[in-house]
Novice: 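Below: one structure in structure tokens.
All values reported here derive from a predicted model rather than from experimental measurement.
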Amino acid sequence: MEIGKRIQHLRREKGLTQEQIAAALGVTSAAVSKWETNAALPDIGMLCPLARLLGITVDVLLDFRPALAMEEINGLLADRRKLFEGNKANEGVEACEALLREYPNDLHLKCAVAGLYVMYMNAGGGEEWARSQAEKAVCLLEQSRNSGDASLAANSRSMLVNLYVMREELDKALEILDELPVEGISTRIMRGNILLRKGALDEAEKSFQTELWSAGRNVTLGLIGLYNAAQLQKDWERAKQYLDTAMAVEKTLRTEELGGLSGTLQFLRAEVLRREGKLDDAVACLTAYVDSTLAQWVRAQGAERARSGFYGKLEISFSGMSAAYLARSIRAALEQTEDYDALKARADFQALLEKLNAVQ
């Protein structure tokens with residue numbers, strides 16, 4: 001709302017006429033009329049008495065907001081996401097920076113923009129551009145990590161850990177990791193039990209389901225860590241055992257219903273099979289990886305909902321990345337990975353690339 005319309009709206013809410021406003025402020029009614037039609041702006045010295053007269057603050061009068069609601073942030077970033085995905089990455093960055101200048105103290109916005117920079121780190125093409133985006137994200141997250149909002153601070157620190165690891169700044173990653181709370185007894189389990197006693201069954205189930213999904217994801221991530229350690233030791237058999245166990249965990253706990261790691265596990269298994277020379281099986285795993293990843297995207301859109309009793313109370317979060325951009329990113333990774341050179345001449349591998357190319 002423009003300031004003139006805001007003055008008019010607030011004046012009418014207070015039941016005042018233009019003449020009454022003019023008399024109280026010592027100006028003419030014509031001046032008040034000009035304010036309300038945006039033909040002129042109130043003198044800066046008039047802002048405080050005008051705001052008091054209308055029963056508001058100067059910030060409200062000028063529609064100044066130091067921070068945005070998350071719904072507003074998501075809406076604003078959706079427009080910028082389109083720029084990144086539409087091969088206008090530099091324009092996307094400029095639009096994000098303009099938004100940050102408009103709300104310089106909004107830590108939630110800084111964290112969200114940092115997440116966007118990370119998500120589209122490769123949108124501009126080239127390693128130098130990606131490094132620049134990572135640096136921008138780090139600068140923003142270093143500010144939001146000290147937020148008084150515990151959830152925002154934890155999310156910011158978690159993203160920072162991953163960025164510092166990616167940049168091989170491992171001591172910094174460990175330093176921030178030490179700032180994250182050490183988990184002891186699960187508060188979600190305790191909350192769920194209390195809610196059961198209160199008879200709040202839906203909320204209790206939601207708490208238990210959240211804990212189950214989180215625990216299952218942590219088990220899978222732990223097994224992936226052990227797989228990486230075995231791989232570095234070139235112990236391929238043990239590496240496969242870890243992956244097989246992780247896949248069994250995902251299947252048993254049905255974590256794929258809510259964005260699990262089944263696709264990632266198929267991708268890692270393809271690497272082991274490729275090293276063993278089992279190229280047919282490797283391409284089959286890569287195909288399963290692509291199918292699983294795209295299926296998760298469909299579920300995140302709400303076209304499919306988790307229907308089992310495991311996670312029926314939970315909602316699927318969505319990054320906002322389009323299916324076409326996701327498919328394009330996967331294809332680029334498969335085409336550019338030198339480890340897959342032995343697969344690139346195969347018809348089934350080329351068919352997989354074409355399948356990704358057809359995603360709209």
Side-chain angles (χ1 to χ4, degrees), residues 81 84-87 89 119-127 129-130 166 220-221 223-224 226-228 230-251 254-257 259-301 303-304 316 318-360:
R81 187 178 293 111
F84 283 109
E85 295 193 7
N87 296 318
M119 184 186 302
Y120 296 106
M121 193 175 293
N122 297 314
E127 293 183 6
W129 199 88
M166 184 184 73
T220 301
L221 289 171
L223 287 164
I224 289 174
L226 290 171
Y227 155 82
N228 287 326
Q231 186 187 44
L232 289 171
Q233 297 170 46
K234 302 189 185 316
D235 190 338
W236 309 119
E237 191 59 36
R238 189 157 57 94
K240 279 197 296 185
Q241 289 175 1
Y242 291 135
L243 291 180
D244 289 343
T245 304
M247 287 178 174
V249 169
E250 291 272 306
K251 183 176 180 180
R254 307 184 192 184
T255 51
E256 195 173 41
E257 291 183 6
L261 295 167
S262 297
T264 300
L265 295 171
Q266 292 286 2
F267 184 85
L268 297 176
R269 189 170 181 80
E271 171 62 15
V272 175
L273 292 166
R274 182 195 65 79
R275 289 180 179 277
E276 292 180 333
K278 299 176 181 178
L279 302 188
D280 290 349
D281 293 337
V283 175
C285 281
L286 287 176
T287 301
Y289 156 66
V290 168
D291 290 344
S292 176
T293 302
L294 293 178
Q296 281 188 20
W297 184 90
V298 171
R299 282 192 293 274
Q301 301 306 301
E304 296 180 17
I316 300 173
F318 176 49
S319 68
M321 182 183 289
S322 71
Y325 187 85
L326 174 62
R328 202 157 69 235
S329 299
I330 295 173
R331 174 170 178 151
L334 294 177
E335 286 181 317
Q336 294 168 13
T337 302
E338 294 180 0
D339 290 340
Y340 293 141
D341 286 348
L343 304 177
K344 291 175 183 176
R346 294 173 57 99
D348 51 3
F349 187 82
Q350 289 300 317
L352 179 59
L353 296 181
E354 286 305 311
K355 180 178 182 178
L356 288 164
N357 198 46
V359 175
Q360 300 296 324

Novice: Name the orientation class of the two ring planes belonging to Phe84 and Tyr120 (parallel below 30°, tilted from 30 to 60°, perpendicular beyond 60°).
Specialist: parallel
Novice: Can you measure from CG (Asn122) to OG (Ser329) and round to the nearest 0.5 angstrom?
Specialist: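 One gets 7.5 Å once the value is rounded to the nearest 0.5 Å.
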Novice: Taking all non-hydrogen atoms of both residues, which atom of Leu243 and which atom of Val272 are closest, and how far apart?
Specialist: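 Leu243 and Val272 have their closest heavy atoms at CD1-CG2, 4.2 Å.
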Novice: About how many Å separate OG of Ser262 and CE of Met247, when rounded to the nearest 0.5 Å?
Specialist: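 OG of Ser262 is found 7.5 Å from CE of Met247.
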Novice: Run the side chain to side chain contact (heavy atoms under 4.5 Å, CB included) check on Met166 and Met121 step by step: do they pass?
Specialist: CA-CA 12 Å; Met166 184 184 73; Met121 193 175 293; 3.7 Å; yes
Novice: Could you state the interatomic distance from CZ (Arg269) to SG (Cys285), rounded to the nearest 0.5 Å?
Specialist: 6.0 Å
Novice: Is the side chain of Asn228 donor-acceptor paired with the backbone N or O of Ile224 at a distance under 3.5 Å, no angle test?
Specialist: yes
Novice: What residues, two or more places apart in sequence or in another chain, satisfy side-chain hydrogen bond (donor to acceptor under 3.5 Å, both in side chains) together with Asp348?
Specialist: Arg346
Novice: Run the side chain to side chain contact (heavy atoms under 4.5 Å, CB included) check on Trp236 and Gln231 step by step: do they pass?
Specialist: CA-CA 6 Å; Trp236 309 119; Gln231 186 187 44; 3.2 Å; yes
Novice: Can you list the residues that meet the salt bridge (charged side-chain N to carboxylate O under 4.0 Å, His left out) rule with Glu271, with sequence neighbours excluded?
Specialist: Arg274, Arg275
Novice: Is there a donor-acceptor contact under 3.5 Å from the side chain of Gln266 to the main chain of Leu286?
Specialist: no
Novice: Would you find a donor on one side and an acceptor on the other, under 3.5 Å apart, between the side chain of Thr337 and the backbone of Ala333?
Specialist: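 Confirmed, Thr337 side chain pairs with Ala333 backbone.
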Novice: Roughly how far apart are Ile330 CD1 and Leu353 CG, rounded to 0.5 Å?
Specialist: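 The CD1 atom of Ile330 sits 11.0 Å away from the CG atom of Leu353.
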Novice: If only atom types and distance count, is the side chain of Arg328 paired as donor or acceptor with the main-chain N or O of Glu85 below 3.5 Å?
Specialist: yes
Novice: Please check if the number of heavy atoms outside Lys344 that lie under 6.0 Å from its NZ is greater than 12.
Specialist: yes
Novice: Does Leu261 offer a backbone N or O that forms a donor-acceptor pair with the side chain of Glu250 under 3.5 Å?
Specialist: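 Such a contact is found between Glu250 side chain and Leu261 backbone.
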Novice: What are the two closest heavy atoms between Ala327 and Val359, and how far apart are they?
Specialist: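 That would be CB-CB, 3.7 Å.
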Novice: Report the C-alpha distance between Leu343 and Leu279 in whole Å, list the side-chain angles of each, state the deciding distance to 0.1 Å, and finish with yes or no for side chain to side chain contact (heavy atoms under 4.5 Å, CB included).
Specialist: CA-CA 7 Å; Leu343 304 177; Leu279 302 188; 3.7 Å; yes
Novice: On a heavy-atom basis, which atom in Ala89 and which in Trp129 lie closest, and how many Å separate them?
Specialist: CB-CZ2, 3.5 Å
Novice: Working to the nearest 0.5 Å, report the span between CG of Leu273 and CG of Leu268.
Specialist: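 These two atoms lie 11.0 Å from each other.
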Novice: Kindly say whether the aromatic ring centers of Tyr227 and Tyr242 come within a distance under 6.0 Å.
Specialist: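 Ring-ring flag for Tyr227/Tyr242: false, centres at least 6.0 Å apart.
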Novice: Can you check side chain to side chain contact (heavy atoms under 4.5 Å, CB included) on Leu334 and Phe349, steps first, answer last?
Specialist: CA-CA 9 Å; Leu334 294 177; Phe349 187 82; 4.1 Å; yes
Novice: Under a 4.0 Å threshold between the charged nitrogen and the carboxylate oxygen, would Lys278 count as salt-bridged to Asp281?
Specialist: no
Novice: Might you point out which heavy atoms bring Tyr289 and Gly263 nearest each other, and give the distance in Å?
Specialist: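 Where Tyr289 meets Gly263 most closely, the heavy atoms are CD1-O, 3.1 Å.
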Novice: Would you say that more than 12 heavy atoms from the other residues, nucleotides or ligands in this model lie under 6.0 Å from the CD of Glu338, or not?
Specialist: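 For Glu338, atom CD is not crowded (no more than 12 foreign heavy atoms under 6.0 Å).
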Novice: Atom NZ in Lys355, atom CG in Leu294: separation rounded to 0.5 Å?
Specialist: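 It is 7.5 Å, given to the nearest 0.5 Å.
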